[in-house]
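Below is one structure, written out as structure tokens, with a few remarks after it.
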Amino acid sequence: MQEKPLIRSLSVELTPRCNQQCAYCYNAWREDNGLQIGEPNSESIEKLLCLVMDQVRLYSLTLTGGEPFLRTDIYRIIDLANQEGIGVNIISNGGLITRDTAEKLARQKVNYVQITLAGADAQTHDFLCGKGTFDKVKKALESLRIFGVTGGGSYLCTSHNFHQAGEVFELFVSLGVKQIAFNRFNPSGDPRRIVMSLLPTRSQVLQALTAANQKSGQYKLKVYNTMPIPPCVFDYQEFPNIKFSQCSAGIVDAQLAIGPDGNVRLCTLQKQAVGSLWNTPLDSIISSEAVKRFREQIPDFCKECPLASMCLGGCGASAEWVFGSPAELDPFVAQHVMPGFGERILKC
């Protein structure tokens, strides 16, 4: 019998609904809170997961959304994965995590619950995530710690909060968080309204990375960069305490995303689906021509670079959202090298 292909990590968006309206949200459906997509019922979600587990060997499963804790059946979904020996990660905004939530999670196999702090104080965080959300994040992480559930942190660097990176890491440490994802804002979803106001510059990300690297060494944190930063922008060796990564779309280490509608994307940010799990086996989707074409669309600006085949010119998903094609430059890079960048954004 032929062994099933290995998928190291898979994200399942359980719901398009969310209890927050974060300024940096990548979900294209945020404006109508997922009304057009619709929400799958418990039977559909379980059938979707069973299809995945029947078709591939899965190392870890990430439950996300929208806000996954809006689904009251989330504990049943975790059980379904646990029964197959699959560890579960959860990405949440923390707004619905109470002591009762944490107590329930403690009885299941949950690797970690990742929650974003978008600032070191209520004024900064709430500006990006909504009034009262800062206090809810702190309470959520405190509840997880009380019941022994590993809390993971996420810091999203924007032009609004880059100067607080060190303080955010200090706050995470005070809340018992020892593993933190360092992300830079990457415009996607409906980026035109926010790209010019939230996209950080190279200097701003450099300041934030420097602080994150220092705090990581000081507190022996596990810090990893999950939103790829092209190696032409920074010398990774200057930040030895941070683990950097590149676009994994289409390779074995990729974290594929399955939307609430069953459509498969190469990551949660990608605009176009590469197939539907309802009518195509997952291993056929990931080996399809659509996936190959995505990896081959390297920006002209980057083609002569010896690192192009590794970094693919940055984030093609963001380039597609902002400029219309994954063959365009990552907006984070483009802002520094593309003539008339601001004018082109306004015309998108």
Side-chain angles (χ1 to χ4, degrees), residues 8-12 22 24 58-65 67-69 78 81-82 86-95 97 101-102 105-106 108-120 125 129 134 136-158 161-162 164-186 205 208-229 234 236 239-246 248 253-255 257 267-268:
R8 295 192 182 280
S9 186
L10 182 71
S11 289
V12 175
C22 299
Y24 51 76
L58 187 59
Y59 180 73
S60 70
L61 177 68
T62 298
L63 303 180
T64 180
E67 171 50 49
F69 285 105
I78 296 171
N82 288 171
I86 300 170
V88 173
N89 315 315
I90 302 174
I91 296 178
S92 168
N93 59 44
I97 297 177
T101 307
L105 293 175
Q108 299 179 294
K109 184 184 177 185
V110 175
N111 296 331
Y112 62 83
V113 180
Q114 180 179 290
I115 302 176
T116 295
L117 265 174
H125 178 93
C129 301
F134 180 73
K136 289 179 179 179
V137 167
K138 291 196 297 181
K139 289 178 181 177
L141 288 170
E142 288 168 355
S143 294
L144 293 173
R145 180 171 58 176
I146 288 170
F147 288 96
V149 180
T150 300
S154 174
Y155 164 70
L156 184 75
C157 179
T158 72
N161 68 358
F162 70 94
Q164 290 191 344
E167 296 172 78
V168 169
F169 276 56
E170 290 270 4
L171 182 54
F172 271 132
V173 171
S174 73
L175 293 168
V177 175
K178 301 292 285 185
Q179 59 181 38
I180 304 170
F182 181 104
N183 297 310
R184 43 104 178 177
F185 168 67
N186 208 29
V205 175
L209 277 173
T210 301
N213 183 70
Q214 191 273 325
K215 297 301 179 184
S216 177
Q218 179 181 353
Y219 294 107
K220 295 181 172 55
L221 306 174
K222 179 182 178 182
V223 179
Y224 46 96
N225 162 238
T226 56
M227 187 59 64
I229 298 175
F234 298 113
Y236 297 165
F239 312 100
N241 301 318
I242 299 176
K243 183 179 180 180
F244 289 87
S245 62
Q246 297 303 325
S248 62
D253 288 327
Q255 184 164 68
C267 70
T268 53

Atom [atom1] of [X] and atom [atom2] of [Y]: how far apart are they, to the nearest 0.5 Å?
X	Y	atom1	atom2	result
Cys22	Leu156	SG	CG	9.5 Å
Gln214	Ile242	CD	CD1	11.0 Å
Glu142	Lys139	CD	NZ	8.5 Å

Contacts of [X] that satisfy ring pair (Phe, Tyr, Trp, His ring centres under 6.0 Å) - sequence neighbours left out:
X	value
Phe244	Tyr236
Phe147	none
Tyr155	Phe182

Of all the heavy-atom pairs spanning [X] and [Y], show the shortest one and how long it is.
X	Y	result
Ser11	Thr64	CB-CG2, 4.3 Å
Ala81	Leu61	CB-CD2, 3.9 Å
Thr62	Ser9	OG1-OG, 4.3 Å
Gly94	Ala140	O-CB, 3.4 Å

For [X], give me all partners under side chain to side chain donor-acceptor pair (under 3.5 Å), at least two apart in sequence or on another chain.
X	answer
Thr268	none
Asn225	none
Tyr224	none
Asn161	Thr158

When you look at Phe134 and Leu117, which way does the side-chain contact (heavy atoms from CB on, under 4.5 Å) test go after all the steps? CA-CA 8 Å; Phe134 180 73; Leu117 265 174; 3.8 Å; yes
From CA spacing to verdict: side-chain contact (heavy atoms from CB on, under 4.5 Å), Ser92, Glu67: CA-CA 6 Å; Ser92 168; Glu67 171 50 49; 3.0 Å; yes
Would a 4.5 Å heavy-atom cut-off, applied to side chains only, mark Leu209 and Ile229 as touching?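 The answer is yes; the side chains approach within 4.5 Å.
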Pairwise side-chain contact, Tyr24 with Asn186, heavy-atom cut-off 4.5 Å (strictly under): no
For [X], side chain to side chain contact (heavy atoms under 4.5 Å, CB included) partners two or more places apart:
X	answer
Glu167	Ala120, Gln164
Ser216	Leu221, Val223, Asn241
Ser143	Arg99, Ala102

Apply the side chain to side chain contact (heavy atoms under 4.5 Å, CB included) test between Val149 and each candidate in Leu105, Thr101, Ile90, Ile97; give the one that qualifies. Leu105
Test log, rule side-chain contact (heavy atoms from CB on, under 4.5 Å), inputs Val88 and Asn82: CA-CA 8 Å; Val88 173; Asn82 288 171; 4.0 Å; yes
Looking only at atom types and distance, does a side-chain atom of Gln114 sit under 3.5 Å from a main-chain N or O of Asn89, one as donor and one as acceptor? no
Residues which pass salt bridge (Lys or Arg N to Asp or Glu O under 4.0 Å) with Lys215, listed by chain and number, not counting sequence neighbours: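 Partners of Lys215 under the salt bridge (Lys or Arg N to Asp or Glu O under 4.0 Å) test: Glu170.
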Identify every side-chain donor-acceptor pair in residues 172-181 under 3.5 Å, counting partners at least two apart or on other chains, and give the distances.
from   : atom 1 : to     : atom 2 : distance (Å)
Ser174 : OG     : Leu171 : O      : 2.6
Lys178 : NZ     : Tyr219 : O      : 2.9

